[in-house]
Structure formats: C-alpha cells, structure tokens
Amino acid sequence: MSEHLSEQEIIRRDKLKEFERLGIDPYPADLFEVNCNSLQILNEYDDEQKNLQEVSIAGRLMALRLMGKAAFAGLEDQRGRIQLYISRNDLAKGEDFTLFDEVVKKLVDIGDFIGVKGYVFKTKTGETTIHVKEFKFLGKALRPLPVVKETKDEAGNVTIHDAFVDPELRYRQRYVDLVVNTGVKETFLKRTKMIQTIRDYLNEHGGIEVDTPVLQNIPGGAAARPFITHHNALDVPFYLRIANELYLKRLIVGGFDFVYEFSRNFRNEGMDRTHNPEFTVLEYYVAYKDYFWMMDFTEKLFEKIALALHGTTEIKVGEQTISFKAPFKRIGILEAIQEKTGTNVSEMKEDDLRELCKKYHLDVNNTMGKGKLIDELFSELCEGTFVQPTFIMDYPVEMSPLTKKHRSKAGLVERFELMINGKEIANAYSELNDPIDQRARFEEQVKLMERGDDEAMFIDHDFLRALEYGMPPTSGIGIGIDRLAMLMTNQPSIQEVLFFPQMRPEKSE
RNA sequence: GAUUCUGUAGCUCAGCUGGUAGAGCAAUACACUUUUAAUGUAUGGGCCCCGGGUUCGAAUCCCGGCAGAAUCACCA
C-alpha cells in the first residue's frame, strides 16, 4: 500500500493523538449494549405514546450538521439510518464540556463508529430522532468515505448527489459500496433469503445437504476448462471442480435417496457480466424419480422463491415482467427449432445440419458433431426468445453423456433445461444409471476429444465402478444460483450479486 | 481474445485550436441549541494513470503500456 497520505487522512491520524491527549480510547475494547435498531425505531415510535424513551443504538456516523451548541447527526446501522440530536448541555459533566466541544465538534468524522443512548422524539419538521443523553466513541475511520447525499423534490423523487458509482471502485472496495450505496445490502440480503428458501424447501422434502470435494483428480460432470493446481505431498495435479454431479451420484449409489449441495464451481474461461470464474450451482439428486417429476418439483420451488422474496409470482426483470406461477411451459428442443426456423431437424444428417447452421451464418467447424450442431442452432436462434420460464426438453444424445436415453424417442435423452429471460437457469435429467451405456458414452467423449473438442469429458473409471455396483433410477438438476439471484433481484450483472466478484489483482506499490 | 469509450482533489465531474489546474460536496477555522444536500464567512488540498516522443512549452497532440466499462466471441 502507498505510504502517501492525503490531507484528509493526515488530519484523521492527527485526531488520534488528540484522543490520546483527552484520555479517550479511539478503539475501545468493551462491548456497547445495543437494545434496538434504526428500522425498529422508525417503525415503532409513536409520538402520542412517547414510547422508546430508553434506546441504545450503535453504528456509523454518516452525516453531521453542527449548529453551535447543538448538532444533528445521521447514524447508520445494519437496518438503515436514524437521525440524532445532540446538545452540549446533555453531554456535559458538570462544567466540563469536553465531550461536546472537543469530541463531537472536532474529533468525530463521517465514517466513525459511535454508540448513543437517549430517548426518541419527533423534531419540528416531523423527523423521528434520538435525543442523545449519552455518547460513546467506538471506532475511528482513518479514510474518508465518499459522501453521498440524497434530496427529495416535491413529488418525492429522490435525487442522489455525488453517487459512488465507479464499478471498479465499487467491486474492489465492496465494503465502501455497502456502506455508502443504499440498495446494495438489500440485494445481498435477498440473495441470502433466496438460498434459505431453497434450503428450507429441499429439507422439507427430505433432502440431505452434503459436501463433496472441490479438489478433484478428474474434473467431471460438465464440459468446461478447469483450473489446475498441484498437491505437493502427493506430487499429483488436482483440478478445481467444474461440477459436483458425479460425486452426488456416488452418494445415490451409496444409499442416500435425496442429496443436495450448493457447489462452488470453478471454470477457467472468460469473464463478463454473466460469468465469474467461481460461481455457485445448486445440484440435487432424487432417487426413484424421473425428469418429469423434476420439472414439477422445480417449478414449485421457483414459485416459492418468487413469493418469499417479492410476495408475488410476477417479477419485473429489466423491461420484462416474468411470471413464476407454476406450471411452466414445456417444449422439445427439436420442436423449438422447428418453431423458429420452420425446418424439421429431427431426421437430418450431420452434414445437412452443418449446412443449415451455415445458412444462418453460425460459426461451425468439422469438430462439431450432430448434437453440438443442434445445440448451436438452438442457442443461437431460439434460446434468447424464451422470456417466460420454459422447460426445453429432450436433447440429442451426443450433447448429454450423463443422461438416460429417452424412453420413446430415438437419438434423444431425457433432459431439460429451464430458460428464463432468454438465459439457461437450470439443467436436469433422468440420470444415466446403466454402467455399460455410460462407459460407451464416455468413449464417445474421448473420440470428440481426439477430434479436437477441448471441452469433451474425461473418463472417470471410479464413477463407472460405482455405477456397476448399481444406482437406482434418479433424477438430478443443477441450478445456477448466481443467475437466479440476478433474476430475483433484477440485477443486470453477476458482479452485482457476488460480494467480491473476481477482478484483475490491483498493482502493488 | 477483438472493437469502441474512459482514467484530472477523498467523491462526482469541468478544463476549447497546446501557455504547467477548476466547481460542487467532503476537509480545516470561526459563528450558530430543532437542522436535514443546514447556513454564512475564510482557508488548505493535485505524481492531471504510467513511460516515451513532438514542441520554447503537454492534463491537452502522437506512440507504447496499465487499469476499468460497454459490445461481441466461448461458457453457466
């Protein structure tokens, strides 16, 4: 860190010496008893009853207006902001006015932590305020916070002055963003509530939350480039997981009927407003179920989340209003392509599919098999058009090496993806539990790899061994938690729903 | 990875065809016991992202870095 201090930082450091001179510890160790919060006071204070006459509250000083022998301050705690009224006489100890004249008027800065005790009242202008009787300094801020102010016009429209908006500063110094920008905390609290809702729902239905390895010998369960690392004692490479699917299925083999994990996954790929190198996927696997059951179960979950967060199933996302009311629309991928292009691709050969892709100016090459070409057609021409929640069903077998073959449609598998607002939010299937078929599918992947597909899967022999011991029919799903959080909080970028989105390291000085 | 735009005070931003810096808020000092973007008066604060070049002279023009944003490509 730079040794260079700004004028304001030097002044704040000098104030520490003043505290010392006055015998006040600017970083006291003892606890400060808090008996309420700002939101409670604003909600519960009744000027007729004169309740809340002994409140004790602590937080960060975010505004200070000195008025000679009195002062108004804004105190911000976890729940919001409350005004304080501080008068010189109230803080006096006999004839000693040090606390007001020195501490409040000179040494306290915006950003400092303070604790106060007093009674609640309403000012002339009707603002609920704490009349401070006791004042305790709790912690000095040596760096000045950006000062963001709000004004309201007659219509009640809020104007924000000097907003702290530079995305780089906001993400690198999220702690400042959280302090200064109202609404940021709200987004993250909603994310937490969303995860709690999911956990409750899964637990209610018999789900068992588990943890499986992040460091894996074989990065399986998805098609993606992994991060690689090295274990010194064993002198072997390890991969950071790109998915946890194969481990959860091993647990189904082991006799658990319903397991789930919020899995932090890592993929060594590009980053943009919908991709972070580490991201969270919820996966759950339920024995003796198929993908139809999974659709029913999952749409109810989404409806529940919407209700828990917004009290309604209609949610505004950007320009769109999305209805999370179950049931969701269901359509086969081939039907979806036919709907958009007018071409029936179900009987087409690989070369014809490649020609069709070229007709739509899609970027294709010879390493792409039939399945990948269909996937290309769908994701380029169709995916973005599904705004309302829609289950896209029955994918080509080539793209789905871990999925059970369709019970009646040749060449397809029992898989669905859930599209919302033009994005894939979930991916699920009737799990492939035939070990001989699974081995053959892995071998297909090896051939793709030999053709140059750098995202084809590795063979996981231990996983095959597990399947050979027998796995019950099972349905499993993966849900992109960050993307779901973006939808549910109406945020346009993944960085807004991750506390600390990945960024290039700051240059050290 | 490609293209476009951006980088000036703690924060938000001005700064023209080149003449070595400005505003508001914040800070400092004084006044003010119900203010609320408090007010009034005064004051201080800058490696103009970094490194080269052109020039008598560069925040400004040119080249090269670095960092960020937006769009596109790959992916969830």
Side-chain angles (χ1 to χ4, degrees), chain A residues 2 4-12 14-15 62-74 81 83-90 100 105-106 109-111 121-127 129 131 141-153 158-173 176 180-181 222-225 242-243 263 265-282 362-363 375-376 379-380 383 417-418 423-427 454-455 478-484 486 492-495 503-507 509:
Chain A
S2 169
H4 181 79
L5 296 177
S6 71
E7 180 198 33
Q8 294 193 42
E9 289 174 291
I10 292 165
I11 289 167
R12 288 180 181 223
D14 287 344
K15 287 177 180 179
M62 291 302 287
L64 185 60
R65 297 181 288 280
L66 295 169
M67 311 277 301
K69 293 188 175 60
F72 286 92
R81 196 182 284 199
Q83 179 167 270
L84 309 179
Y85 173 76
I86 308 167
S87 80
R88 186 170 186 257
N89 289 337
D90 288 316
F100 189 83
K105 287 186 81 168
K106 294 189 172 158
D109 285 301
I110 287 172
F121 75 111
K122 267 198 201 305
T123 61
K124 276 185 199 165
T125 49
E127 179 154 350
T129 302
H131 188 126
L142 292 181
R143 286 174 186 263
L145 284 169
V147 177
V148 180
K149 294 188 175 182
E150 293 179 359
T151 43
K152 270 188 200 161
D153 62 17
V158 176
T159 311
I160 297 174
H161 303 269
D162 301 325
F164 179 66
V165 288
D166 182 335
E168 181 180 7
L169 287 175
R170 286 187 50 228
Y171 301 151
R172 285 199 194 281
Q173 302 185 40
V176 173
V180 149
N181 287 329
R225 279 198 296 276
I242 57 175
S263 172
N265 295 344
F266 305 83
R267 297 192 185 173
N268 204 341
E269 290 163 349
M271 42 201 285
D272 57 33
R273 67 185 200 293
T274 54
H275 296 85
N276 194 63
E278 53 183 294
F279 60 102
T280 304
V281 173
L282 164 69
L362 304 182
D363 189 21
D375 187 68
E376 190 73 16
S379 52
E380 289 303 313
E383 187 172 308
E417 292 192 355
L418 176 57
K423 299 264 162 51
E424 181 196 333
I425 296 297
N427 179 20
D454 62 352
E455 288 179 345
I479 298 172
I481 290 296
D482 309 299
R483 296 231 174 132
L484 187 58
M486 286 165 63
S493 77
I494 198 168
Q495 286 79 16
M503 302 189 82
R504 199 180 292 273
E506 281 182 270
K507 261 197 295 187
E509 295 179 36

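This structure is a prediction, so every number in the text was calculated from the model and none was measured. Quick note on labels: first sequence line is chain A, next is B, and so on, each numbered from 1.
- Separating the C1' atom of B:C49 from that of B:C66 is a span of 8 Å, rounded to the nearest Å.
- Of the possible donor and acceptor atoms, none in the side chain of A:Arg65 sits under 3.5 Å from a partner among the backbone N and O of A:Phe72.
- OP1 or OP2 of B:G68 lies within a sub-4.0 Å distance of a side-chain N or O belonging to A:Arg172.
- Distance from the side chain of A:Lys124 is smallest for B:U35 among the nucleotides B:A67, B:A38, B:U35.
- Of the side-chain N and O atoms in A:Lys149, one or more sit less than 4.0 angstrom from OP1 or OP2 of B:A38.
- Between B:C30 and A:Lys105, no contact under 4.0 Å exists linking OP1 or OP2 to a side-chain N or O.
- Look at A:Lys69 and you won't find any side-chain N or O under 4.0 angstrom from OP1 or OP2 of B:A31.
- Within 3.5 Å, no donor on the side chain of A:Tyr85 pairs with an acceptor on the base of B:U35, nor the reverse.
- Using a 4.0 Å heavy-atom cutoff across all strands shown, A:Glu424 reaches sugar-phosphate atoms only and no base atom.
- Remark: the separation of the P atoms in B:G52 and B:A59 is 14 Å, to the nearest Å.
- In this structure B:U55 sits in no base pair that meets the Watson-Crick or G-U test at under 3.5 Å.
- The side chain of A:Thr129 sits closest to B:U35 out of B:U35, B:C11, B:A69.
- Across all strands, A:Asn181 comes closer than 4.0 Å to no nucleic acid atom at all (heavy-atom distances).
- Across every strand in view, B:G64 sits in a pair with B:C50 that passes the Watson-Crick or G-U test at under 3.5 angstrom.
- Using a 4.0 Å heavy-atom cutoff across all strands shown, A:Asp272 reaches at least one base atom of the nucleic acid.
- Across the strands present, B:G18 finds no partner; the criterion is a Watson-Crick or G-U wobble pair with both atom distances under 3.5 angstrom.
- Between the side chain of A:Gln8 and the base of B:G10, at least one donor-acceptor pair of N or O atoms lies under 3.5 Å.
- Atom name C1', nucleotides B:A9 and B:G22: the rounded distance is 10 Å, in whole Å.
- With both pairing distances under 3.5 Å, B:U4 is matched to B:A69 as a Watson-Crick or G-U wobble pair.
- For B:U71, the OP1/OP2 oxygens have a side-chain nitrogen or oxygen of A:Arg273 closer than 4.0 Å.
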Report, one pair per line, the protein and nucleotides 12-15 of chain B atoms (nitrogen or oxygen only) whose separation is under 3.5 Å.
none

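- A donor-acceptor contact under 3.5 angstrom links the side-chain atoms of A:Gln83 to the base of B:U35.
- Residues passing the side-chain contact (heavy atoms from CB on, under 4.5 Å) test with A:Glu278 are A:Arg264, A:Phe266, A:Asn276, A:Gln502, sequence neighbours excluded.
- Comparing atom distances between the A:Pro144 side chain and each of B:C30, B:C74, B:G10 picks out B:G10 as nearest.
- Checked against ring pair (Phe, Tyr, Trp, His ring centres under 6.0 Å), A:Phe121 has the following partners two or more places apart in sequence or in another chain: A:His131.
- Rounded to a whole angstrom, the distance from the P atom of B:C63 to that of B:G18 is 16 Å.
- Among the heavy atoms of the strands lying under 4.0 Å from A:Leu66 is at least one base atom, whether or not backbone atoms are also near.
- Under 4.0 angstrom from either OP1 or OP2 of B:A38 there lies at least one side-chain N or O belonging to A:Arg65.
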